[in-house]
Amino acid sequence: MLDPKRVRTQTEEIARRLAVKNFTFDQATFEEMEQRRRELQVRTETLQSEQNKRSRSIGKVKAAGEDIQPLLAEVDNLKQQRSEAEEALRELQESLNAFLSGLPNLPDESVPSGDSEDDNVEVRTWGTPPTFDFDVLDHVSLGERLKGLDFEKATRLAHSRFAVMQGPIARLHRALAQFMIDLHTGEHGYLETYVPYLVNADTLYGTGQLPKFEEDLFKISGDQPLYLIPTAEVPATNLVSQSILDADELPLRLVCHTPCFRSEAGSYGRDTRGMIRQHQFDKVELVHIVRPDESEQALEELTAHAEKVLQRLDLPYRVVELCGGDMGFSAARTYDLEVWLPGQNKYREISSCSNARDFQARRMHARWRNPGTGKPEPLHTLNGSGLAVGRALVAVMENYQQADGSIRVPEVLKSYMGGLERIQ
RNA sequence: GGAGAGGUGGGUGAGUGGCUGAAACCAGCUCCCUGCUAAGGAGCCAUACGCAUUGCGCGUAUCGAGGGUUCGAAUCCCUCCCUCUCCGCCA
């Protein structure tokens, strides 16, 4: 949620910045609602005040033995007006709130404009895409030949866009997650965190998935209205919701390994082959909760931590800064990490690192007590994949493939694979 | 799932209809006293929103959540949520 005060006072500016995200801000509607809200609120509070005043005096008048009938009549009249005003105010505040919570976060001034991923800006590259003196296979062919990946069985068990993994491939998948967690806790100072995989609507509202993107989520049936998490960002970031943190508790750095569930509505026909786009996938997620003046720096650090995973795995990648049109709802700034996939002969997203600034904190009421002002103020939140485990598996399989269809185990994963050198 | 007890400010904890947005204590902050330390004294110390703004401010809402009774609710009634204890069941 944007700061309502700011939306009110800098309306032009807000509209201009949101346009970078290809979002049209309906200024006329907003200003009209805002003006009515003001009138109704003043009227409601005045009536409340009058009624309170009279009610308080009734006790005294009664104690003095005087007639309270005239006061009762006045209060009765006020009550009528008050409840009408209250009702109108409540309705308006609801629509105003819906309007405001539907506004995406402001992109940073530095965010490049553009409509799609084609307009993202390459920031840097690392490593060199490998060359092969044989015809490369993609992870599907490699996995099926090694009897480690089975998409047909998964479809029979569940639906399309699911996978079954077995044997050393399944272990490699697990090894990747373990390696990532160990790296982030051991070298980058993250706190390992385990969270619920089902969350309620408030939690999803807090990080910005609701109310606008419900169709992307899996909602469970049953007594409790719960949703499968689309990313650990949701529960992990919401750990600080509804709270006021002391300055010395910051920054918080959390690492969280969970499955993620996405309906992938609207992506029919995209990446239908293989593990790139699944309804269920594992991800190691990094979350930072920081003081506002440290969030720019935190985004650089978080991105570097995600990059370190690819570097240790010796996987070539590039970093791109997302353009306005490709950014998420809650982000002010986003770096994507794209890993080289020989099977597709291109870079594909494997991590997305975003600074949400105070946008999520406002929605979830996460604050810190600023020693400078003594006041509770919204925190800044950041999140990034460190990394998507399924896609990391794809990248390792394709980049480490050998002419005979076997897969070399990356050096850093050998200890997690019981010393195995090669999957064949 | 069954029985019982509870949910009040950063913490502990008073408060069964108006003088309570909330006693007291602890923690924290400011000042005074003091050679240092320790002790002592005075004051401040919830959040959100609105109005006003030169300045002091004023108002509304909030005592788990929602609804109800009443001129008036932390306090009475209803529903729900959560926590604790015991029993049952269970990975």
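Per chain, numbering begins at 1; letters A, B, ... match sequence-line order. Keep in mind that the numbers below use all heavy atoms, side chains included, and drop hydrogens, waters and symmetry copies. Remember, predicted model here, so these are calculated numbers, not experimental data.
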Rounding to a whole Å, what distance do you find between [X]:[atom1] and [N]:[atom2]?
| X | N | atom1 | atom2 | answer |
| --- | --- | --- | --- | --- |
| A:R362 | B:rA48 | CZ | P | 11 Å |
| A:Q48 | B:rC49 | CD | C1' | 12 Å |
| A:R363 | B:rA48 | CZ | C1' | 18 Å |
| A:R90 | B:rG67 | CZ | C1' | 13 Å |
| A:L40 | B:rC49 | CG | P | 19 Å |
| A:Q35 | B:rC51 | CD | P | 12 Å |
| A:L89 | B:rA61 | CG | P | 12 Å |
| A:E87 | B:rG67 | CD | P | 11 Å |

_Give the residues of residues 67-84 of chain A touching RNA chain B, defined as any heavy atom closer than 4.0 Å, sorted by residue number._
A:L72, A:V75, A:K79
Using the [atom1] atom as the point on both nucleotides, what is the distance between [M] and [N], in whole Å?
| N | M | atom1 | answer |
| --- | --- | --- | --- |
| B:rC45 | B:rC84 | P | 35 Å |
| B:rA74 | B:rA65 | P | 12 Å |
| B:rA22 | B:rU60 | P | 13 Å |
| B:rU75 | B:rG18 | P | 12 Å |
| B:rG68 | B:rG11 | P | 30 Å |
| B:rC89 | B:rG2 | P | 15 Å |
| B:rU8 | B:rC63 | C1' | 4 Å |
| B:rA42 | B:rC25 | P | 11 Å |

Less than 4.0 Å between a side-chain N and a carboxylate O, is that true for [Y] and [X]?
| X | Y | answer |
| --- | --- | --- |
| A:E39 | A:R36 | no |
| A:R56 | A:E50 | no |
| A:R291 | A:D293 | yes |

*With no hydrogens and no angle check, is any side-chain donor or acceptor of A:D26 less than 3.5 Å from a backbone partner on A:T29?*
yes
*asked:* Quick check against the 3.5 Å criterion: does A:D150 have a side-chain atom that pairs as donor or acceptor with the backbone of A:K153?
replied: yes
Where the side chain of [X] is defined as all heavy atoms beyond and including C-beta, which of [options] is the nearest nucleotide?
| X | options | answer |
| --- | --- | --- |
| A:V42 | B:rG72, B:rG18, B:rG50 | B:rG50 |
| A:S49 | B:rA48, B:rG72, B:rG59 | B:rG59 |
| A:Q51 | B:rG18, B:rG72, B:rG59 | B:rG72 |

*How would you label the contact of A:K53 with the nucleic acid (heavy atoms, under 4.0 Å): base, sugar-phosphate, or nothing?*
nothing
*Could you check whether A:R37 gets within reach of a base, just the sugar-phosphate, or nothing at all, counting any heavy atom under 4.0 Å?*
sugar-phosphate
So which protein nitrogen or oxygen atoms get under 3.5 Å of nucleotides 73-84 of chain B's nitrogens or oxygens?
none

Would you say [X] reaches [N]'s phosphate, i.e. side-chain N/O to OP1/OP2 under 4.0 Å?
| X | N | answer |
| --- | --- | --- |
| A:R38 | B:rC49 | no |
| A:R56 | B:rC71 | no |
| A:R369 | B:rU47 | yes |
| A:R8 | B:rG50 | yes |
| A:N52 | B:rG59 | no |
| A:Q41 | B:rC51 | no |

Does [atom1] in [X] sit with more than 12 non-hydrogen atoms of other residues, nucleotides or ligands closer than 6.0 Å?
| X | atom1 | answer |
| --- | --- | --- |
| A:Q242 | CD | yes |
| A:E12 | CD | no |
| A:Q10 | CD | yes |

*Can you measure from OG1 (A:T207) to CZ (A:F329) and round to the nearest 0.5 angstrom?*
11.0 Å
*Assign each of A:R54 and A:P376 to its nearest nucleotide of RNA chain B by heavy atoms, then name whichever residue's nucleotide is nearer the 5' end.*
A:P376
_Both A:T46 and A:R367 contact RNA chain B. Taking the nearest nucleotide for each, which residue is further toward the 5' end?_
A:R367
*Out of A:L226, A:I229, A:T203, which one pairs with A:L198 under the side chain to side chain contact (heavy atoms under 4.5 Å, CB included) rule?*
A:L226
*asked:* Both conditions, 6.0 Å and 45 degrees, for the charged tip of A:R312 above the ring of A:F179: are they met here?
replied: no
*Sort by first number and list every stem of RNA chain B: at least 3 consecutive Watson-Crick or G-U wobble pairs, both distances under 3.5 Å.*
B:1-7 with B:81-87, B:10-12 with B:24-26, B:28-32 with B:40-44, B:46-51 with B:57-62, B:64-68 with B:76-80
How are the rings of [X] and [Y] set relative to one another: parallel (under 30°), tilted (30 to 60°) or perpendicular (over 60°)?
| X | Y | answer |
| --- | --- | --- |
| A:F99 | A:F25 | perpendicular |
| A:H188 | A:H184 | tilted |
| A:H279 | A:H159 | tilted |

